[in-house]
Amino acid sequence: MRVTRLSEAERTDALARLGEWRHDPERDAITRRFRFADFGAAFGFMTRVALIAERMDHHPEWFNVYDRVDILLTTHDCGGLSARDVALAEAIDALAA
């Protein structure tokens, strides 16, 4: 299945729904920082996200330092933000809630 880049209108709509995610126009990606009580909680979150991402066959770029997890989502196959990124961001938000 071919993955297509979101149009400007689709991107605007998605960002309105994804309140804490920010658009990185340089990479046409979305990013969000999560904070946790400690490293164990942050690592546990990353593990749960990894299982979801694997099922979706869509994997985040991320960075972890102690209690912080920074996530960047973009779809390399289409060179920017796609519906796959939005779906994964929504799943991550549901997990973090």
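Only heavy atoms go into these numbers, but all of them, side chains included; no hydrogens, no water, no symmetry mates. Because the structure is a prediction, the values reported are computed rather than measured.
Residues H59 and H76 are not in side-chain contact: their nearest non-hydrogen atoms beyond the backbone lie 4.5 Å or more apart. Two residues are said to be in side-chain contact when any heavy atoms from C-beta on lie closer than 4.5 Å; R22 and R33 fail this criterion. When side chains are defined from C-beta on, R68 counts as touching V65, because their heavy atoms get closer than 4.5 Å.
Side-chain heavy-atom separations under 4.5 angstrom define the hydrophobic clusters, and the remaining members of the one that includes I30 are L6, L15, L18, W21, F34, F36, F45, M46, V49, I52, M56, W62, V69, I71, L73, L81, V86, L88, I92, L95. Through ILVMFWY side-chain contacts below 4.5 Å, L72 is grouped with nothing and stands alone.
Here salt bridge (charged side-chain N to carboxylate O under 4.0 Å, His left out) pairs that include residues 80-97, with residues two or more places apart or in two chains, are R17-E90, R32-D93.
Salt bridge status for D77 with R2: absent, with no side-chain N to carboxylate O gap under 4.0 Å.
Between the side chain of S7 and the backbone N or O of E10, at least one donor-acceptor pair lies under 3.5 Å. Judged purely by atom type and a 3.5 angstrom limit, S82 has no side-chain atom pairing as donor or acceptor with the backbone of T75.
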>> If you apply the rule side chain to side chain contact (heavy atoms under 4.5 Å, CB included), what do you find for C78 with V3, and how did you get there?
In response: CA-CA 6 Å; C78 71; V3 179; 4.3 Å; yes
